[in-house]
Amino acid sequence: MEPGETQRRPWVVGVSGASGTPYAAAVLRGLLAAGESVDLVVSRASRLTLLDETGIAFRDAHWREDLAEWLARGADGKPGTFRVDLSDVRHWPAGDLAAGPSSGSYPVKGMLIVPASTACVAGVALGLSKDLLQRAASVTLKERRPLVVAVRETPLSGQTLRQLVALDEAGAVVLPASPAFYAGATHIQDLVDFVAGRVLDAAGVPHRLYRRWEGELGGGSRGDR
């Protein structure tokens with residue numbers, strides 16, 4: 001690094017195989033809009049979900065084109081809804097256990113897992129590190145960095161609940177992907193953005209994705225956004 005050069009410290013974003021790829025897209029757009037750097041890990045299972053929910057095949061060799069197409073879509077599937085600058089995004093294949101985020105010496109701000117499947121929750125809680133996503137999460141916990149786990153499953157079994165408690169006790173923020181309605185949502189994108197905004201809140205990243213509660217009943221119904 002040259003003298004005076006600022007060291008890059010990205011947020012690692014892990015996308016697991018749970019339904020909810022629009023949540024991941026909204027979080028990624030929010031991070032980039034806030035000027036944050038991103039290191040992206042897309043699990044093998046999540047690629048099947050992404051293909052099913054959007055029709056996009058995410059390929060390691062063409063990740064930038066595929067990611068651009070994905071992030072440009074709204075939650076309703078309409079292409080060209082958003083414009084996103086991907087110049088500060090780095091992609092790591094999920095099978096690359098020698099990647100930067102697999103080491104605690106690699107400088108990152110923290111990690112966001114959006115959405116988090118129950119299989120992903122179990123793997124991180126048990127420290128399995130079966131792929132880069134799980135390994136990066138384990139590193140985040142051991143280095144005492146912020147870890148936000150946006151679990152997307154219902155109902156939750158007792159076993160998963162115990163694993164979520166274990167993650168909470170280890171220092172992670174367990175954030176169920178549960179949209180709220182007080183913000184005056186009128187479109188599916190509003191509900192997605194609420195969850196994404198709460199993820200960014202937990203990470204301390206500023207955004208304007210949803211209308212915040214101001215202590216006044218009925219504010220959302222007036223459409224004050």
Side-chain angles (χ1 to χ4, degrees), residues 11-28 30-31 38-58 67 70 75 91-97 99 101-102 108 110-180 188 191-203:
W11 284 96
V12 179
V13 177
V15 185
S16 79
S19 176
T21 55
Y23 293 132
V27 166
L28 288 165
L31 287 170
V38 172
D39 275 22
L40 178 64
V41 182
V42 181
S43 77
R44 291 180 64 184
S46 71
R47 299 173 193 224
L48 297 176
T49 306
L50 182 63
L51 181 62
D52 182 54
E53 293 184 345
T54 69
I56 297 172
F58 192 92
L67 181 61
W70 177 22
H91 167 258
W92 299 97
D96 185 3
L97 290 176
S102 69
V108 303
M111 182 172 183
L112 315 174
I113 305 178
V114 189
S117 66
T118 54
C120 175
V121 166
V124 176
L126 296 174
L128 298 182
S129 296
K130 74 168 188 176
D131 61 8
L132 180 59
L133 194 159
Q134 292 184 13
R135 171 59 185 169
S138 295
V139 168
T140 302
L141 289 175
K142 80 179 183 69
E143 296 294 328
R144 302 297 191 265
R145 294 167 180 158
L147 173 64
V148 182
V149 180
V151 61
R152 215 308 304 164
E153 185 62 88
T154 189
L156 294 171
S157 69
Q159 184 179 35
T160 298
L161 289 169
R162 287 187 288 272
Q163 290 161 348
L164 291 173
V165 169
L167 289 179
D168 175 80
E169 292 175 342
V173 175
V174 175
L175 195 152
S178 302
I188 186 173
L191 297 175
V192 167
D193 285 347
F194 179 88
V195 172
R198 295 299 287 150
V199 171
L200 296 178
D201 286 345

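Fair warning: this is a prediction, and the values are worked out from it, not measured in the lab.
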Give a yes or no answer on whether the side chain of [X] reaches the backbone of [Y] with a donor-acceptor pair at less than 3.5 Å.
{"X": "Asp193", "Y": "Ala196", "result": "no"}
{"X": "Glu53", "Y": "Thr21", "result": "yes"}
{"X": "Arg152", "Y": "Ala177", "result": "no"}
{"X": "Ser102", "Y": "Leu97", "result": "yes"}
{"X": "Thr49", "Y": "Gly17", "result": "yes"}
{"X": "Arg145", "Y": "Met111", "result": "no"}
{"X": "Ser46", "Y": "Val15", "result": "yes"}

Please report the closest heavy-atom contact between [X] and [Y], naming both atoms and the distance.
{"X": "Val192", "Y": "Ala26", "value": "CG1-CB, 3.9 Å"}
{"X": "Val148", "Y": "Ala202", "value": "CG2-CB, 3.8 Å"}
{"X": "Ala150", "Y": "Val114", "value": "CB-CG2, 4.1 Å"}
{"X": "Ser129", "Y": "Ser138", "value": "OG-OG, 3.7 Å"}
{"X": "Pro179", "Y": "Phe194", "value": "CA-CD2, 4.0 Å"}
{"X": "Ser117", "Y": "Ser16", "value": "N-OG, 2.8 Å"}

Decide yes or no on side chain to side chain contact (heavy atoms under 4.5 Å, CB included) for Leu40 and Phe58, but give the supporting numbers first.
CA-CA 12 Å; Leu40 178 64; Phe58 192 92; 4.3 Å; yes
Criterion side chain to side chain contact (heavy atoms under 4.5 Å, CB included) on Leu112 and Leu31, from CA distance to verdict:
CA-CA 11 Å; Leu112 315 174; Leu31 287 170; 4.0 Å; yes
Does CZ in Arg198 sit with more than 12 non-hydrogen atoms of other residues, nucleotides or ligands closer than 6.0 Å?
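No - once you tally the heavy atoms of other residues, nucleotides and ligands closer than 6.0 Å, there are 12 at most.
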From [X] [atom1] over to [Y] [atom2], what is the distance, rounded to the nearest 0.5 angstrom?
{"X": "Trp92", "Y": "Asp131", "atom1": "CH2", "atom2": "CG", "result": "15.0 Å"}
{"X": "Trp70", "Y": "Thr54", "atom1": "CH2", "atom2": "OG1", "result": "8.0 Å"}
{"X": "Leu133", "Y": "Cys120", "atom1": "CG", "atom2": "SG", "result": "5.0 Å"}
{"X": "Leu128", "Y": "Arg135", "atom1": "CG", "atom2": "CZ", "result": "12.5 Å"}
{"X": "Leu147", "Y": "Ile113", "atom1": "CG", "atom2": "CD1", "result": "5.0 Å"}

Does any non-hydrogen side-chain atom of Val139 lie less than 4.5 Å from one of Val12?
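SC-SC contact between Val12 and Val139 ruled out.
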Could you please spell out the steps behind the side chain to side chain contact (heavy atoms under 4.5 Å, CB included) verdict for Val124 and Leu141?
CA-CA 9 Å; Val124 176; Leu141 289 175; 4.2 Å; yes
Option among Ile56, Val38, Val42, Leu28 that satisfies the side chain to side chain contact (heavy atoms under 4.5 Å, CB included) test with Leu67:
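Only one option passes, and that is Leu28.
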One pair to check against side chain to side chain contact (heavy atoms under 4.5 Å, CB included): Leu167 and Gln163. What are the steps and the verdict?
CA-CA 6 Å; Leu167 289 179; Gln163 290 161 348; 5.8 Å; no
